[in-house]
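Labels below follow one simple rule: chain letters A, B, ... track the order of the sequence lines, proteins then strands, and each chain is numbered from 1.
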Amino acid sequence: HGPYQPHEPGYGLYQPGYSSYDDQIPDPKSRMLAIQNAKAYLLKSSTTSGLNLYDHLANMLTKILDEQPTNAVDIIEDISKDVKWSQFQKKMDTLQDEHEILPTFEAAEKRKALFLKANGEGDEELEEEIGETPLPNVMETAFYFEQAGIGLSKDESYHIFLALKKLISVQPIQTCRFWGKILGLEMNYIIAEVQYHEGEEEEETEEEAVTEEGGKGVDEVEDEEEDKEKEDEPPKSTYKPPPVIPKEENGTGANKYVYFVCNEPGKPWVKLPPVTPAQIVCARKIKKFFTGRLDAPVVSFPPFPGNEANYLRAQIARISAGTQISPIGFYQFAEEEDEEEEVDGGRDTYEENPDFQPLSVAEMVDSLSAWVHNVQSILKQGRCVWLNPLQKTEEEEEEENEEEEKAEEADELPQELQQEIGPPLLTPLSEDEGIQNIPAWTAQPSTDLIPQYAVAVLQSNRWPGAYAFASGKKFDNIYFGWGHKYSPENHAPALPPPVQAEYPSGPEITETRDPTVEEELAFKAAREEALAEAEEEEDEEGTEEDEEEDD
Amino acid sequence: MEASSLPAALELVSGGGAGLSPEKRAVLGSSLLLLRRHYRFERVWFWGCIQGVGGAYYIAEGLGPDRAAPRSRLYSLNCVEWSLLPPVTEEMVTQAGRLKGRFQGDPAFEYKDTETNAEDAESLFEDGKEPVIKEEARLVATIEQIDRAVGIIPRGAFVKTPLGSVSENRNFEGLSLTEAKRLSSYLHFTEPVNLKNKTLLEKADLDPSTDFLDSLEHDVPHGSWTVQLEKGGTVVVLRSLLWLGLTFYHVPMTKQYGYVYFGNGEKNLDLPFML
């Protein structure tokens, strides 16, 4: 017998205090006492945290009943942790709340600034804008690329659109195009390809001339100092660096377009310097990620002549030369009357063909000969038009004739450089070499389900990230990627050059063998003979002189 | 990335220029849902797209009740019909690791494996076959390698129950902005390798329910992840430099996160030269 449970027949007849198990069941007083003991225990403050279990359980249950999460029993421990954690958040703080200046707010300000219309725009300017403007329709291009699954989100495309508009309003630009985006470690680059109005590029050449004059002044001072010390100088090195190949003029060859970059739309556009052949040649040998800061040094071997801005410009030049394409027939060479003159390096200008008949999308996709390159390819030398660096101008020849002619003839081995010829402009893509057994380009229509409105899309396999589309009369190229060429083999860094000879070997510094004993004895014998002969001669002379003196 | 949040997630990941066409996006919405019903997955993740020379493979992963269990992988050439890939074995991974070059885009394509051991080659010759690797095997091995090496989650997004199974943490409210910029707030969602090597002091600070995976801090080589704030600083995007094309996004202080792969399926072995 014991306390009866509700299902047992004795339930309800049990009266506390009167059964034989009274000592096991507390009477109401002791039950109240037990309850109070339990509550006092629950109210006991913890020695480590100062909380007590009673309040904690009450807070927890309040929170659960307020929020009513599903399956609360599964996340009860996390709720408990959250309640404890919220103890540490004081609602009233004696310190004044400093408004958080998150970098996100500044970025949002810059992006908002793009959307503000500049002050002072009258009606005249509006008309100009609606007329011919160099601003490309970025959203339209983005739409076509989106059909192929390529491109940035619409938000970002629109921001870039507005950033380009700002660029055009600031710089005297004739044509402008969104070239693409190159990803970097810390920040990315958004790149715009631009052509100036004719006559707007003179500022740069002035700056270069100034630096050259400054350099010459320094050289003169150094020469004077050297003259004084000529006696004790070590032998000068006979190393002649290979001739520097001059860069191409702005507006031609690899420097045909000018590129502006910015890290994010809303940040100011920075102009990239023109590219030199040495930079292109070096960029072919190294493979480095871009950091996102234009002034970052490029640490590599062979040492890159320039900083990240130059490396970026060189890679842009290589990518453009390799992957800028257009449908065949869109561009044609301008008709020239004198076709007898052979222009070195082929023609480099083209114009739009007014009679262009676009091919159908199926034809564009099936055969690669329906596309042509419209940017000159870069030769091994680093230029688009080959230049013989050994040909000197007349002035240079006169100066050198006096001083260095003899030295040159002795040391320099003039190598006959062969003229490098690259594929001419407007060559079809079917001539592009593949890599191993992969074709250079992959062509696909954007959709198989709706061929009437499909867009022909080409992806480059040599420069992963370069895409081109064509649909009717519209086409464009774009690049989204890290800026490196694809190579199935791993990158092998260039080996250091062979050790140079220190001094030309000549008799005065060549070590001779030590003579053997026989040779020494023979030499000694020969010398004694010579001495003996000399003494005889002296004696003879001496007697002769005596005779003369006597006279 | 979660199949249910695909459209929003694609917007956030598009900073790299790769994405899906509207047609694919539209069809994935329904076909992934049907996948879930057919195979009775609890969660379906759209893993990404591997670009072959002739075509592209679209990959999806299905997860069961234990999120850390080996996942079922499916591939499709057009996002409409999906085929289950065979489960991956270590042998497949080592064989596929020896192959170089692009994927061809044809699942039945056979690569000639030129570097098998002499013993294996002999045993195969006896059977009358040459050692070949099918592109399907290479595909599943590559996906496994990528998941193992660079599949990541924010810290706290998954919890390990005392029974050992892993499930999503319903209390996860997102990382704060400062936490999101640090590499230590992200964990590799695969069997941990370095966890046992931590000192006792470090282990004392860890919470066994959320810190049961390796973090990105000690990845070799140092600097193989780029952390950037995009879209005006509202999204944290991590890109892996070891497997170019893997992008992870997270919107701080929200529950949105996920990773996706758009690329060639080739490991970037030149990474030490490029940093």
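- Considering only heavy-atom pairs separated by less than 4.5 Å from chain B, the leading option among A:Asn188, A:Ile182, A:Ile150, A:Ile478 is A:Asn188.
- Using a 4.5 Å cut-off between heavy atoms, A:Phe145 does not touch chain B at all.
- With respect to A:Glu308 and A:Arg293, no salt bridge is recorded, no charged nitrogen being found less than 4.0 Å from a carboxylate O.
- Heavy atoms of B:Asn169 lying under 4.5 Å from chain A belong exclusively to its side chain.
- Interface residue B:Leu177: only side-chain heavy atoms are found under 4.5 Å from chain A.
- When each of A:Ala443, A:Ser153, A:Ser300, A:Ala107 is checked for heavy-atom pairs under 4.5 Å with chain B, A:Ser153 comes out on top.
- With chain A as partner, the option from B:Leu271, B:Val227, B:Leu20, B:Leu241 having the largest number of non-hydrogen pairs under 4.5 angstrom is B:Leu241.
- Salt bridge A:Glu156/A:Lys181: present, at least one basic N to carboxylate O contact under 4.0 Å.
- Around atom CD of B:Glu168, more than 12 heavy atoms belonging to other residues, nucleotides or ligands sit under 6.0 Å away.
- Ion pair A:Asp78/B:Arg170 not flagged as a salt bridge, since none of the NZ, NE, NH1 or NH2 atoms sits closer than 4.0 Å to an Asp/Glu carboxylate oxygen.
- Annotation: side chain of A:His491 is not in contact with side chain of B:Met274 (no heavy-atom distance under 4.5 Å).
- Ring planes of B:Phe103 and B:Tyr57: perpendicular class, angle over 60° (limits at 30 and 60°).
- Taking the side chain as every heavy atom from C-beta outward, B:Tyr259 and B:Tyr186 never approach each other to under 4.5 Å.
- Contact count versus chain B (heavy atoms, under 4.5 Å) is highest, among A:Lys288, A:Met187, A:Lys110, A:Glu77, for A:Lys288.
- Judged by the 6.0 Å and 45° rule, B:Arg138 forms a cation-pi pair with B:Tyr111.
- Listed options B:Val159, B:Leu275, B:Val13 were ranked by heavy-atom pairs under 4.5 angstrom with chain A; first place goes to B:Leu275.
- Contact annotation for A:Ser157: neither backbone nor side-chain heavy atoms come within less than 4.5 Å of a heavy atom of chain B.
- Most heavy-atom pairs under 4.5 Å with chain A: of the set B:Lys231, B:Arg25, B:Lys100, this distinction falls to B:Lys231.
- Residue A:Glu109: no heavy atom, backbone or side chain, is found under 4.5 Å from chain B.
- In this structure, B:Glu230 pairs ionically with B:Arg239, as a charged nitrogen and a carboxylate oxygen lie closer than 4.0 Å.
- For a residue to count as touching a neighbouring chain, one of its non-hydrogen atoms must lie under 4.5 Å from one of that chain's; by this rule A:His484 touches chain B with the side chain only.
- Looking at A:Ser446, the atoms closer than 4.5 Å to chain B (heavy atoms on both sides) all sit in the backbone: N, CA, C or O.
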Item to complete: Give the C-alpha distance, both sets of side-chain angles, the deciding distance and a yes or no for salt bridge (charged side-chain N to carboxylate O under 4.0 Å, His left out) between A:Arg111 and A:Glu264.
Response: CA-CA 9 Å; A:Arg111 286 163 94 90; A:Glu264 268 200 13; 3.7 Å; yes

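- The part of A:Gln444 that comes within reach of chain B is its side chain, from C-beta onward, which places non-hydrogen atoms under 4.5 angstrom from that chain.
- Two residues are said to be in side-chain contact when any heavy atoms from C-beta on lie closer than 4.5 Å; A:Lys63 and A:Asp82 meet this criterion.
- The residue among A:Asp155, A:Ile438, A:Val299 with the most heavy atom pairs within less than 4.5 Å of chain B is A:Ile438.
- For B:Glu11, the parts lying near chain A are the backbone and the side chain together; criterion is any non-hydrogen pair under 4.5 Å.
- Contact of B:Leu10 with chain A is not made at all, since no heavy-atom distance falls under 4.5 Å.
- Looking at B:Lys24, neither its backbone nor its side chain comes within 4.5 Å of chain A, counting heavy atoms on both sides.
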